[in-house]
Protein chains: 2
Amino acid sequence: MARPLSIDEDELLSRLASVFRDLGYEGASLAALSEGAGLQKASLYHRFPGGKQQMADEVLAAAIGWFGENVLAPLKQGGEPKTRIAAAARRLDDFYSGGRKACLLNMLSSPRSADGPFSPAIRSSFEALIDAFSRVAREAGHAPKAARRRAERAVMLMQGSLVLSRGLGSGEPFRAFLSALPDDLLGEAA
Amino acid sequence: MARPLSIDEDELLSRLASVFRDLGYEGASLAALSEGAGLQKASLYHRFPGGKQQMADEVLAAAIGWFGENVLAPLKQGGEPKTRIAAAARRLDDFYSGGRKACLLNMLSSPRSADGPFSPAIRSSFEALIDAFSRVAREAGHAPKAARRRAERAVMLMQGSLVLSRGLGSGEPFRAFLSALPDDLLGEAA
DNA sequence: GTCTATAACAGGATAGAC
DNA sequence: GTCTATCCTGTTATAGAC
């Protein structure tokens with residue numbers, strides 16, 4: 001779907017993503033990004049003339065792309081709702097490393113008004129996930145309104161479980177979210 | 001309970017808290033804190049010789065104190081579980097300004113290992129809230145294990161609704177959390 | 001494309017007058 | 001207790017050799 005990225009480019013963005021996830025945008029200094037990427041600062045500027053902002057932009061775009069292909073797409077494809085959700089849960093477990101990794105959408109949100117440069121991408125990402133969850137719930141027999149409610153709650157539980165896992169220093173809340181996800185989306189209609 | 005704070009001190013910590021909530025620890029520059037507090041940088045250093053770290057420490061301690069007195073205490077006092085939860089929900093709505101304010105526990109979490117200076121306070125705060133929620137659910141007739149599960153889910157939903165509200169730029173997810181809280185904690189046992 | 005070195009700047013922290 | 005002015009460190013960003 002996206003432009004063909006070299007394997008090294010993927011690896012580079014993945015390493016930078018790890019730094020942004022751990023430290024946030026402001027907290028991610030060029031020194032930290034340089035160390036995390038295994039490249040000197042000047043090398044990073046050669047690859048990202050737009051500086052830290054561009055690095056975060058590309059990191060976010062790559063994460064959204066991966067998420068769309070690996071989580072959203074399976075949710076939309078045919079098959080049993082239960083099976084599709086199980087597949088998505090496995091990918092989510094991978095994406096967040098069992099709850100050890102924070103969510104970029106959380107770490108890049110700047111609450112100081114809606115002026116953050118990432119706000120549009122973040123908002124549309126949340127809406128896409130809610131939409132995909134909602135679709136599955138509807139196909140399982142839930143009314144549109146109820147399906148939407150379940151989808152929103154599932155997204156809240158996902159984000160909240162990541163926050164709580166970080167705060168408690170344990171992956172248990174995230175694992176609990178994953179195992180409860182089918183029931184949260186489908187309920188008795190499973 | 002805590003040491004007697006002058007009214008100005010409370011107001012000062014409240015303003016600083018707003019800056020930390022919006023920008024996170026790293027993002028909160030001394031310039032931003034100074035502007036938010038309405039004090040010059042040097043004045044802040046007179047009050048907080050320990051610098052930004054001390055400001056964040058005291059802000060977090062004050063928030064935890066307020067939370068304990070206004071949210072946790074009502075949950076523990078006697079009365080109908082439903083009534084106590086409704087009271088806590090009103091205080092939460094106040095505390096987070098209807099979902100417009102982020103949670104300090106989220107904004108001050110540094111995922112880079114558990115070495116963050118706020119980690120112990122954050123962890124014990126989460127555990128205290130889970131404990132208070134769990135107690136109410138148990139008193140309403142739920143078994144200890146089920147009560148704990150409901151409490152953890154409620155905390156996840158709270159944190160997740162705040163993240164989602166911020167991401168979507170709307171207080172709706174947080175309001176949905178608040179109105180669903182009694183049912184989430186008590187369920188059919190209400 | 002990646003490195004060493006450095007310039008330009010912002011951020012955290014202090015001194016000292018009032 | 002608060003201000004103006006300043007220091008010093010760390011950060012962003014760039015130049016130029018290889």
Side-chain angles (χ1 to χ4, degrees), chain A residues 3-60 62 104 107-108 110-112 115-118, chain B residues 3-62 104 107-108 110-113 115-118:
Chain A
R3 60 200 176 291
L5 297 174
S6 80
I7 173 96
D8 289 310
E9 175 116 3
D10 262 354
E11 176 65 17
L12 174 56
L13 286 177
S14 165
R15 293 183 189 188
L16 293 177
S18 177
V19 179
F20 281 119
R21 254 196 293 262
D22 287 355
L23 304 176
Y25 182 77
E26 316 281 353
S29 69
L30 266 287
L33 289 164
S34 167
E35 183 185 341
L39 287 175
Q40 297 297 331
K41 289 185 278 183
S43 303
L44 285 178
Y45 272 92
H46 174 77
R47 173 63 187 77
F48 304 94
K52 196 161 83 162
Q53 177 72 50
Q54 187 184 353
M55 297 181 210
D57 283 339
E58 294 199 21
V59 158
L60 184 57
L104 272 176
M107 299 305 287
L108 296 182
S110 67
R112 200 40 79 86
D115 59 353
F118 311 106
Chain B
R3 60 200 175 294
L5 298 175
S6 80
I7 173 97
D8 289 312
E9 174 117 1
D10 262 354
E11 176 64 18
L12 174 56
L13 286 177
S14 165
R15 292 183 190 188
L16 292 177
S18 176
V19 180
F20 281 119
R21 254 196 294 263
D22 287 356
L23 303 176
Y25 182 76
E26 316 281 353
S29 68
L30 266 286
L33 290 163
S34 167
E35 184 186 339
L39 287 174
Q40 295 299 331
K41 288 187 278 184
S43 303
L44 285 178
Y45 271 92
H46 174 77
R47 172 64 186 76
F48 304 94
K52 194 161 88 162
Q53 178 72 50
Q54 186 184 352
M55 296 181 212
D57 283 339
E58 294 200 20
V59 158
L60 184 56
L104 272 176
M107 299 307 285
L108 295 182
S110 66
R112 198 39 81 83
S113 82
D115 59 355
F118 311 106

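Just so we're on the same page: letters track the sequence lines, and every chain starts at 1. Because the structure is predicted, anything quoted here is derived from the model rather than measured.
- Rounded to whole angstrom, the span from the CG atom of L30(A) across to the C1' atom of dC9(C) amounts to 13 Å.
- Atom-to-atom, CG of L39(A) to P of dT2(C) comes out at 5 Å; the value is rounded to the nearest Å.
- Here the CZ atom belonging to F20(B) is positioned 9.0 Å from the CG atom belonging to L104(B), to the nearest 0.5 angstrom.
- In this model, the phosphate group of dT14(C) is not approached by any side-chain N or O of Y45(B) to a distance below 4.0 Å at OP1 or OP2.
- In this structure, the CG atom of L44(A) is 13 Å from the P atom of dT4(C), given to the nearest Å.
- The phosphate of dG1(D) has neither OP1 nor OP2 within less than 4.0 Å of any side-chain N or O from S43(B).
- Taking the nucleotide of DNA chain D with the nearest heavy atom to each of E26(A) and A42(A), the more 5' of the two is matched to E26(A).
- Spacing between atom CD of Q40(A) and atom P of dT14(D) amounts to 17 Å, rounded to whole angstrom units.
- The separation between Q53(B) atom CD and dG11(C) atom C1' is 16 Å, rounded to whole Å.
- Computed from coordinates, the H46(A) NE2 to dG1(C) P distance equals 6 Å when rounded to whole Å.
- Distance F48(A) CZ to dG1(C) P: 13 Å, rounded to the nearest Å.
- At a threshold of 4.0 angstrom between heavy atoms, the contacts of K52(A) are confined to the sugar-phosphate backbone, with no base atom among them.
- Residue contacts shown for A28(B) are limited to sugar-phosphate atoms, with no base heavy atom under 4.0 Å away.
- Put simply, CG on L16(A) and CG on L39(A) are 8.0 Å apart, with the number rounded to the nearest 0.5 Å.
- A distance-only check finds no donor-acceptor pair linking the side chain of K52(A) to the backbone of L33(A) [under 3.5 Å].
- Remark: C1' of dA13(C) and CD of Q54(B) are 13 Å apart, rounded to the nearest angstrom.
- Rounding to the nearest 0.5 Å gives a distance of 11.5 Å between CG of L30(B) and CD of Q40(B).
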